[in-house]
Amino acid sequence: MGKDGSGSTARQLWGGHFAADAAPLMQRINASIGFDHRLWRQDIMGSMAHARMLAACGIITEAERDAILAGLQRIREEIAQGAFSFRPELEDIHLNIEARLTELVGEPGRKLHTARSRNDQVATDFRMWVREAMDRADELLRALQEVLLDLAEAHAATIMPGFTHLQAAQPVTFGHHLMAYVEMFGRDRGRLRDARERLQECPLGAAALAGTSFPIDRDMTARELGFRQPCANSIDAVSDRDFALEYLAAAAICAIHLSRLAEELVLWSTPQFGFVRMSETFSSGSSIMPQKRNPDAAELVRGKSGRVIGHLVALLVVLKGLPLAYSKDMQEDKEAVFDAADTLELGLAATREMLRSMSVFPERMRRAAGVGHTTATDLADWLVRAKGVPFRDAHRIVGQVVRLAEERGVSLDALDPRELAAIDPRLDEGARAVLSVEASVASRRSFGGTAPERVREAVQAARARYLAATTGDEREAAKAGRASADSGGA
Ligand code: ARG
């Protein structure tokens, strides 16, 4: 441990009353630089805003501010170029950057930490990182919706079996089925947007927990860092990780949506279904069975959802029972969020490309749509509509028709008209017209229903709702998020 004041270990920076070095095991359990290096852009941005504010409020001189800004700019370049050495003995990203700053610019570097603490610093950095992750997810969700909408439009009239209990239920259109996912991903975007809105309060200036005796301007730093306003309570500012929980909750729900879609792709691509085939670029073969084409990417999207859910639960448990304000337990927030974001973003992109590149087999879907007497409800509805039969009675009559078809081993429309009439004389020739899957689907014209014309309308409405240009504000924010999106590899 150097005694030259250059800050070669964390204790050099803050260990005025410490005589002993950290034990190696202490360093291992304590250091977060192995993962929180991913906050480097946000940390530099936050420090720059803080330095400008300190100067504007007369707490440091303009010359000191300029030295700090130049040093931070240099560090930014060093890290971007991979020329920065992250040191575990300096614990975390905050101390690594501060130590290097002091190495570069001397005394002004040691003034940067005036009127702040790592507690408000990390809370600010992490909020900015999560905000960018929200924007990236929104962008990826939008791109996924775009692919789903194109597919849904192309297959607005492609008939497939709709299932309940995974038993053939009623014919639907493939486009309609896909549009269900457009709605789910639309809600995911809404959840992220809501959470982003609540995240927009800046902890910087809360200092360790109590605020500071220096005449700082919290509005200035909040504004410069893209927040709406400073957090109102300094204790809450450093203790709150709701933004991370809300991101993880939104990510977990989204991952479940991805997983359900992936599960359907897995099912649909079996030879038994044969509705779709994953492109060769998104599947793999078997090392023993030459005929296999496995939907590995879909299986992994399904499997990885477990990690995202796990990270949500992990952080909930970390926070449960923590007294106010900051405790080191909270350092556990970052790996959870980083891995959830990596996993979610990969899953969103892979799902988009799987869908874009897969083949669809409408003929297979059409054939399966008629299996399992899926138009039985149409026959019952017809009895109600054309013959004035109460629905419960119609249901019983058609039940007998289905039993007969099963005994004969034929579909409903292949039954002998005399046999039908024997079950109930009102089952005359008119009944036949409603038994085709085409007629069934075309008749489901209620709002939100599966009729091809409704699906086409739904596609148009969803395009307007989800793909229309975002507001300038949102676009700017999204761009800023992209520009500083970290690669995770720094
Ligand atoms: N690395 C720490 C974290 O991520 C930074 C805050 C440290 N604060 C403290 N009082 N030790 O939580």
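Excluded from the calculations below are hydrogen atoms, water molecules and symmetry mates; all remaining heavy atoms, backbone and side chain alike, are included. Order of appearance sets the numbers: ligands from 1, and atoms from 1 within every ligand.
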Check: W268 ring centre within less than 6.0 Å of F361 ring centre: no

NZ or CZ of R136 within 45° of W129 ring axis and under 6.0 Å: yes

D92 neighbourhood, listing ligand 1 atoms whose heavy-atom distance to it stays under 4.0 Å: 1 (N), 2 (C), 5 (C)

Whether K334 lies under 4.0 Å from ligand 1, heavy atom: yes

Ring-face cation contact, F338 with R38, 6.0 Å cut, 45° max: yes

N or O contact, Y326 vs ligand 1, cut-off under 3.5 Å: yes

Ionic contact status for D339 with K334, cut-off 4.0 Å: no

Protein residue, atom and distance nearest to atom 10 (N) of ligand 1, heavy-atom basis: N119 OD1, 3.0 Å

Top protein contact for atom 1 (N) of ligand 1, by heavy-atom distance: Q331 OE1, 2.7 Å

N-O pairing of E280 and R293 below 4.0 Å: yes

Salt bridge present between E263 and R260 (N-O < 4.0 angstrom): no

S32 neighbourhood, listing ligand 1 atoms whose heavy-atom distance to it stays under 4.0 Å: 1 (N)

For atom 11 (N) of ligand 1, the protein heavy atom that lies nearest, with its residue and separation: R118 NH2, 3.7 Å

